[in-house]
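Each remark here refers to the structure printed beneath this line.
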Amino acid sequence: MLIPVASAAGFSDVAGNDHELAINALSDTGIINGYAEGSFKPNQTINRGQVVKLLGRYLEAQGQEIPAVWNTKQRFNDLPVTAEAELVKYAALAK
């Protein structure tokens with residue numbers, strides 16, 4: 001799971017990466033995060049839930065509103081409203 005890190009400049013493993021500028025820009029806007037020990041792991045595969053969180057954060061930053069019933073109306077058969085709150089919230093927004 002991605003855990004917030006203070007600053008993209010603190011990532012220990014993005015310098016020289018082809019996507020360094022994009023990683024830093026998205027981190028600076030709060031759309032992506034790194035790991036608690038200071039790495040980003042830019043070559044690691046991400047899962048569907050992580051993609052939904054990234055998309056949700058982006059949409060929210062663009063002014064899209066999270067549905068009022070995000071935590072009471074199930075949007076996906078395999079994602080109950082009792083799952084991790086951030087994932088459920090952004091799944092509702094993405095749907």
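Just so it is clear, the model here is predicted, and its values are computed rather than measured.
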Which donor-acceptor pairs under 3.5 Å do side chains of residues 88-95 form with protein atoms, sequence neighbours excluded?
residue: Y90; atom: OH; partner: E60; partner atom: OE1; Å: 2.5

Can you list, pair by pair, the side-chain donor-acceptor contacts under 3.5 Å of residues 70-80, counting residues two or more places apart and other chains?
residue: T72; atom: OG1; partner: V69; partner atom: O; Å: 3.3
residue: Q74; atom: NE2; partner: F76; partner atom: O; Å: 2.8
residue: Q74; atom: NE2; partner: N77; partner atom: O; Å: 3.2
residue: R75; atom: NH1; partner: K73; partner atom: O; Å: 2.7
residue: D78; atom: OD1; partner: R48; partner atom: NH2; Å: 3.2
residue: D78; atom: OD2; partner: R48; partner atom: NH2; Å: 2.5

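In terms of modelled atom types and a separation under 3.5 Å, the side chain of Q50 and the main chain of N47 share a donor-acceptor contact.
Taken to the nearest 0.5 Å, the CG atom of N43 stands 8.5 Å off from the CG atom of D13. Atom-to-atom distance recorded for K53:NZ and I32:CD1 is 14.0 Å, nearest 0.5 angstrom. To the nearest 0.5 Å, atom CG of residue L54 and atom CD1 of residue I46 are 5.0 Å apart.
Two different hydrophobic clusters hold I23 and L21 under the rule that ILVMFWY side chains link at heavy-atom gaps under 4.5 Å. There is a path of hydrophobic side-chain contacts, each under 4.5 Å, that joins V51 to L26.
Residues R57 and N33 have side chains in contact (heavy-atom distance under 4.5 Å, counting atoms from C-beta outward). A heavy-atom distance below 4.5 Å is found between the side chains of F11 and S27.
Evaluation of the side chain to side chain contact (heavy atoms under 4.5 Å, CB included) rule for E65 yields no partner, not counting sequence neighbours. In terms of the side chain to side chain donor-acceptor pair (under 3.5 Å) criterion, Q62 has no residue partners (sequence neighbours excluded). Residues that satisfy the salt bridge (Lys or Arg N to Asp or Glu O under 4.0 Å) test with E20, not counting sequence neighbours, are absent from this structure.
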Exercise. Could you walk me through whether Y35 and Q44 pass the side-chain contact (heavy atoms from CB on, under 4.5 Å) test, one step at a time?
Key: CA-CA 12 Å; Y35 291 86; Q44 182 171 322; 3.2 Å; yes
